[in-house]
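In what follows, chains are A, B, ... by sequence order, proteins preceding strands, each numbered from 1. Note that the coordinates shown come from a computational prediction; the quantities given were computed from them, not determined experimentally.
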Amino acid sequence: MTLSSPSIRPRRRVLAVASGGGHWVQLLRLRPAFDGADIHYATVDATARAMVSPAPVYLYPDANKDTKLRLIVSALTLAVIVLRVRPHVVISTGAAGGYLAIRIARLIGARTVFIDSIANTRQLSVSARLAQRVAHLVLSQWPAVAEATGADYRGAVL
Amino acid sequence: MIFATVGTQLPFDRLLLAVDTWAAMNSDVPVLAQTGRTATRYAHLTATPQMDQSRFADCVAQARVIVAHAGMGTILSAIEAGKPVILMPRRADLGEHRNDHQRDTAAEMAALSNVTVVEDSAALCSAISAALSRSNDPGLVARSGVASARLLDAVRDFIWSEDGRPVHATAASSRPLRA
């Protein structure tokens, strides 16, 4: 890993945020793009740690718009994570936790990108639509969805 | 071994009962199922509510055929491992999900050579048998585990862009933040 090499000093602290299942698998497919950055992960499942070791992994409780109380706990946990990592850049592949992390990270001046799941073939997810109000860049993985929603298209995880 | 998985968030009895029926008729083939939280007992499946990520990866690697709801985590894992995967999308009208996005996902993923999409139990059973007979198909090769070069470039550009501004400003992001 280039991070341990003294010749390349990390100049970017990146916080990569994803919920479980497909969101996390899609985030892992972006890993080559994190080379050379000081990468930190936040997700909902402790068993994900082994897959990105030795990068630090922080945990937050999974929540969605139907679990309001957990959403508040998620937001508070993500606030602690963001303040601890103090990322220059936040990248999320969803879902609700990614939006929350982006919203919090903007308050400390981070640049933020939300990549909507490739599962959303017809419309943006609720999280992506919320992210459009705060993120610097919101990507859809489907050109037609990007076209219709004002999101950007820059390829896909597949 | 057949590996059936319905994710951890919601039960999906229509899929698992169909797989259970197939397993009853094909007792020589072991079937492992990751069922999520459910009260239903499946007589012919080795069932576990959920599994950690390394165990999930092992099951995908060892399976001859994967049967799943149309969840992206399973679809991508199966594609990376080069396994035949049969998808039965969850339907909102049957209370299987909040909306019908899995049907849209499945329709798009059907274009991939190792993906078969089924709508009902009978089609699911015949698809498992058909997939088993082609599980040694040399056309089923493992695919890259990374995103398209274009998306990787976009993410890299975003991380390393020098100024504090977005690389590719959108109309939405050029508005001041209301926080």
Side-chain angles (χ1 to χ4, degrees), chain A residues 11-12 14 20-26 28-37 39 45-51 62 64 66 88-89 91 103 106-107 109 111-113 115 117-123 125 131-139 141-142 150-158, chain B residues 7-9 50-57 70-77 79-80 98-109 112 143-175 177-179:
Chain A
R11 289 179 293 143
R12 284 289 191 282
V14 176
H23 299 287
W24 177 252
V25 175
Q26 290 176 72
L28 291 184
R29 292 176 72 88
L30 299 176
R31 269 188 300 175
F34 305 154
D35 282 352
I39 182 77
D45 174 7
T47 71
R49 280 209 169 94
M51 305 170 80
D62 202 7
N64 60 56
D66 299 330
H88 302 108
V89 174
I91 294 168
R103 197 178 163 102
R106 288 250 15 197
L107 302 176
R111 282 182 310 114
T112 56
V113 51
I115 303 168
S117 170
I118 193 171
N120 300 311
T121 59
R122 304 281 166 90
Q123 55 185 359
S125 66
Q132 282 186 302
R133 299 189 201 161
V134 288
H136 291 87
L137 183 63
V138 174
L139 301 180
Q141 300 190 48
W142 297 94
D152 283 46
Y153 173 77
R154 301 267 187 281
V157 297
L158 205 58
Chain B
T8 56
Q9 297 195 333
Q50 45 190 308
M51 47 179 63
D52 68 33
Q53 305 228 15
S54 60
R55 173 127 172 77
F56 182 85
M72 270 332 295
T74 308
I75 297 171
L76 291 169
S77 301
I79 289 169
E80 288 171 18
R98 288 183 291 274
N99 58 45
D100 270 341
H101 79 273
Q102 284 209 349
R103 303 178 87 174
D104 299 334
T105 305
E108 295 290 346
M109 295 301 142
L112 297 164
R143 299 194 14 160
S144 144
V146 301
S148 70
R150 184 177 178 194
L151 183 56
L152 292 178
D153 283 345
V155 172
R156 225 176 258 125
D157 284 353
F158 190 86
I159 291 173
W160 295 101
S161 83
E162 280 303 327
D163 57 16
R165 304 180 68 82
V167 184
H168 305 288
T170 63
S173 64
S174 57
R175 290 204 309 264
L177 172 65
R178 296 163 295 131

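- Taking CD1 from B/I159 and CD1 from A/I39, the interatomic distance works out to 6.5 Å, rounded to the nearest 0.5 Å.
- Taking 4.5 Å as the limit, every side-chain heavy atom of A/V157 sits out of range of all side-chain heavy atoms of A/I115.
- Residues of residues 70-77 of chain B having a heavy atom under 4.5 Å from any heavy atom of chain A, listed by number: B/M72, B/G73, B/L76, B/S77.
- The side chain to side chain contact (heavy atoms under 4.5 Å, CB included) check on B/R55 picks up B/L32, B/M51, B/D52, B/C59, with sequence neighbours excluded.
- Note on B/H101, B/R143, B/M109, B/R98: by heavy-atom pairs under 4.5 Å with chain A, the leading option is B/R98.
- Heavy atoms closer than 4.5 Å to chain B are found in the side chain of A/V14, but not in its backbone.
- In terms of heavy-atom pairs under 4.5 Å with chain B, the best-connected choice from A/D62, A/D66, A/L28 is A/D66.
- Residue B/T105 comes nearest to A/A119 through the heavy atom pair OG1-O, 2.8 Å, listed as atom of the first residue, atom of the second, then distance.
- When heavy atoms are compared at a cutoff of 4.5 Å, A/A50 does not approach chain B at all.
- For A/T121, the part lying under 4.5 angstrom from a heavy atom of chain B is the side chain only.
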key: salt bridge (Lys or Arg N to Asp or Glu O under 4.0 Å) between B/R156 and B/D153, intermediate numbers included   = CA-CA 5 Å; B/R156 225 176 258 125; B/D153 283 345; 2.9 Å; yes
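- Here CZ of A/R29 is found 5.5 Å from OG of B/S144. Values are rounded to the nearest 0.5 Å.
- For A/I91, the part lying near chain B is the side chain, with the backbone staying farther off; criterion is any non-hydrogen pair under 4.5 Å.
- Heavy-atom pairs under 4.5 Å with chain B were tallied for A/R31, A/Q123, A/Q141, A/R122; the largest tally goes to A/R122.
- For B/D100, the salt bridge (Lys or Arg N to Asp or Glu O under 4.0 Å) partners two or more places apart in sequence, or in a different chain, are B/R103.
- No donor-acceptor pair under 3.5 Å is formed between the side chain of A/R111 and the backbone N or O of A/H136.
- With a 4.5 Å cut-off on non-hydrogen atoms, B/Q9 touches chain A through its side chain but not through its backbone.
- Once rounded to the nearest 0.5 Å, the distance linking OG of B/S161 with NE2 of A/H88 reads 12.0 Å.
- By number of non-hydrogen pairs under 4.5 angstrom with chain B, the leading residue of A/S117, A/G21, A/S125, A/A48 is A/A48.
- Among residues two or more places apart in sequence or in another chain, the ring pair (Phe, Tyr, Trp, His ring centres under 6.0 Å) test is passed with A/Y153 by none.
- Within a 6.0 Å radius of CD in B/E108, other residues, nucleotides and ligands contribute more than 12 heavy atoms.
- The contact between A/T112 and chain B is made entirely by backbone atoms, counting heavy-atom distances below 4.5 Å.
- Heavy-atom pairs under 4.5 Å with chain B were tallied for A/G20, A/A33, A/G22, A/A46; the largest tally goes to A/A33.
- Listed options B/Q102, B/R150, B/E80 were ranked by heavy-atom pairs under 4.5 angstrom with chain A; first place goes to B/R150.
- Residues A/D152 and A/L137 have side chains in contact (heavy-atom distance under 4.5 Å, counting atoms from C-beta outward).
- Looking at A/V89, only its side chain comes within 4.5 Å of chain B, counting heavy atoms on both sides.
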